[in-house]
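This report concerns only the one structure given below.
Quick note: numbers below take in every heavy atom, side chains included, and nothing from hydrogens, waters or symmetry partners. Here the structure is a predicted model, which is why all the values come from computation and not from measurement.
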Amino acid sequence: MVTGSSGSRRSPRSKRTAVSVLRVGHRPGRDPRLTTHLALAARALGAERMLLHPPDPALAARVAAVGDGWGGRFEVVGTPDWRRAVRAFDGPVVHLTMYGLPLAAVRPRLARAARILVVVGGAKVPADLYRLANYNVAVGHQPHSEVAALAVFLTQLLGIPGPAPWPGAKRAIVPRARGKRVIPGRGKK
Ligand code: SAM
């Protein structure tokens, strides 16, 4: 069973929702850049892991290398059977699709969950995903991209992380109006 790491259900005012992302319809070798960007956006905007169907160990290793430098505990987990992962998930399953309910209408309920699984598709979305999901949620009702949909969804639910070094980071950014400043990270995982 895939769960978040923040323990059992809790009151709306305690810890924030732990988010896992499931990417279905990845085509290893055909669109590694798009799925890598999806994983990096998920990581940077506060998700805990990305389940990847079908598995792609090379992509998982590339994303792990980013975490090695910039810290945090995000991981890409190869998922041979995505339907099984959806059925086994211990919390609401949210499928992002332009055909769904507006995000603003569903967000308050999602923010109360201890953990959620957010599913994004690729070029072709399996039809049964609409039924397996607890919520079909739209980020606007026009077609765009899984990276854009996930980024907006995560920032609406979790906000945007600040510049503090992440646990275990070897480096961190000091925000500047001009130029770049990177300092060694001091955090411990
Ligand atoms: N043709 C696909 C379909 O039948 O849904 C859409 C593919 S779209 C390029 C890839 C993914 O982006 C979708 O599966 C969905 O997860 C996400 N997406 C695109 N537009 C969206 C929107 N307006 N709201 C929520 N998610 C969206």
Side-chain angles (χ1 to χ4, degrees), residues 2 4 16-67 70 72 74-89 91-107 109-111 113 115-161:
V2 178
R16 69 181 197 162
T17 304
V19 178
S20 298
V21 175
L22 167 62
R23 199 288 199 266
V24 295
H26 169 61
R27 297 176 297 180
R30 285 192 65 184
D31 53 6
R33 218 171 120 82
L34 184 58
T35 303
T36 301
H37 287 182
L38 188 69
L40 293 179
R43 172 188 171 277
L45 296 172
E48 297 195 339
R49 65 181 62 78
M50 186 170 89
L51 312 181
L52 181 56
H53 174 81
D56 185 338
L59 189 151
R62 281 198 301 277
V63 174
V66 173
W70 293 98
F74 184 86
E75 57 179 349
V76 175
V77 182
T79 304
D81 185 341
W82 70 263
R83 290 177 180 83
R84 193 172 186 184
V86 166
R87 290 197 187 99
F89 190 76
V93 175
V94 180
H95 169 215
L96 297 184
T97 165
M98 64 178 179
Y99 302 103
L101 298 173
L103 174 56
V106 184
R107 190 171 59 122
R109 269 174 281 168
L110 300 181
R115 62 188 72 84
I116 63 174
L117 178 64
V118 185
V119 190
V120 292
K124 240 185 170 177
V125 179
D128 55 338
L129 178 53
Y130 290 83
R131 179 177 49 77
L132 288 170
N134 300 106
Y135 299 97
N136 290 291
V137 174
V139 179
H141 298 273
Q142 299 293 326
H144 46 81
S145 113
E146 50 269 54
V147 181
L150 182 67
V152 172
F153 179 87
L154 289 174
T155 57
Q156 290 275 311
L157 192 73
L158 304 176
I160 298 176

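- A heavy-atom distance below 4.5 Å is not found between the side chains of Val120 and Phe153.
- Within the 3.5 Å criterion, the main-chain N or O of His53 finds no donor-acceptor partner in the side chain of Thr79.
- Scanning both residues, Leu150 and Ala42, for their nearest heavy atoms gives CD2-CB, 3.8 Å.
- Taking CZ of Arg62 as the reference point, atom CG of Asp56 lies at 6.5 Å (rounded to 0.5 Å).
- The neighbour count for Arg27 CZ, taken as heavy atoms of other residues, nucleotides or ligands under 6.0 Å away, is above 12.
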Derivation of the side chain to side chain contact (heavy atoms under 4.5 Å, CB included) call for Val125 and Thr97: CA-CA 9 Å; Val125 179; Thr97 165; over 6 Å; no
Test side chain to side chain contact (heavy atoms under 4.5 Å, CB included) applied to Leu22 and Phe89, step by step: CA-CA 11 Å; Leu22 167 62; Phe89 190 76; over 6 Å; no
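- Counting only distance, with no hydrogens or angles, the side chain of Ser20 and the backbone of Leu117 share no donor-acceptor pair below 3.5 Å.
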Test side chain to side chain contact (heavy atoms under 4.5 Å, CB included) applied to Val118 and Val19, step by step: CA-CA 7 Å; Val118 185; Val19 178; 3.7 Å; yes
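- At most 12 heavy atoms of other shown residues, nucleotides or ligands fall within 6.0 angstrom of atom CZ in Arg84.
- The minimum heavy-atom distance between Val147 and Ala41, with the atom names listed, is CG1-CB, 4.3 Å.
- With rounding to the nearest 0.5 Å, the separation of CG in Leu96 from CG in Leu103 is 8.0 Å.
- Using a 4.5 Å cut-off on side-chain heavy atoms (C-beta onward), His26 and Leu59 make contact.
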Audit row: Asp128, Arg131, side chain to side chain contact (heavy atoms under 4.5 Å, CB included) steps and yes/no: CA-CA 5 Å; Asp128 55 338; Arg131 179 177 49 77; 3.6 Å; yes
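- In plain terms, the two heavy atoms of Pro28 and Pro55 that are nearest each other are CG-O, 4.2 Å.
- Looking at Val119 and Leu132, their side chains never come closer than 4.5 Å, going by heavy atoms from C-beta outward.
- Not a single donor-acceptor pair under 3.5 Å links the side chain of Arg49 to the backbone N or O of Val77.
- Of the possible polar contacts, one joining the Thr155 side chain to the Val152 backbone as a donor-acceptor pair under 3.5 Å is found.
- With rounding to the nearest 0.5 angstrom, the CE atom of Met98 is 8.0 Å from the CD atom of Gln142.
- What you find for Ala47 and Val21 is that their closest heavy atoms are CB-CG2, 3.9 Å.
- From Leu52, atom CG reaches atom CG of Leu38 across 9.0 Å, with rounding to the nearest 0.5 Å.
- Qualifying ring pair (Phe, Tyr, Trp, His ring centres under 6.0 Å) partners for Tyr130, counting only residues two or more places apart in sequence or in other chains: His95.
- Looking at every heavy atom in both residues, Gly67 comes nearest to Arg43 through CA-NE, 3.9 Å.
- In terms of the salt bridge (Lys or Arg N to Asp or Glu O under 4.0 Å) criterion, residue partners of Arg23 (sequence neighbours excluded) are, by chain and number, Glu146.
- The nearest pair of heavy atoms linking Val24 to Pro126 is CG2-CD, 4.3 Å.
- Residue Leu40 holds its CG atom at 9.0 Å from CE of Met50, rounded to the nearest 0.5 Å.
- With rounding to the nearest 0.5 angstrom, the CG atom of Leu158 is 4.5 Å from the CZ atom of Arg16.
- Side-chain contact check for Asn136 versus Tyr99: every heavy-atom pair is 4.5 Å or farther apart.
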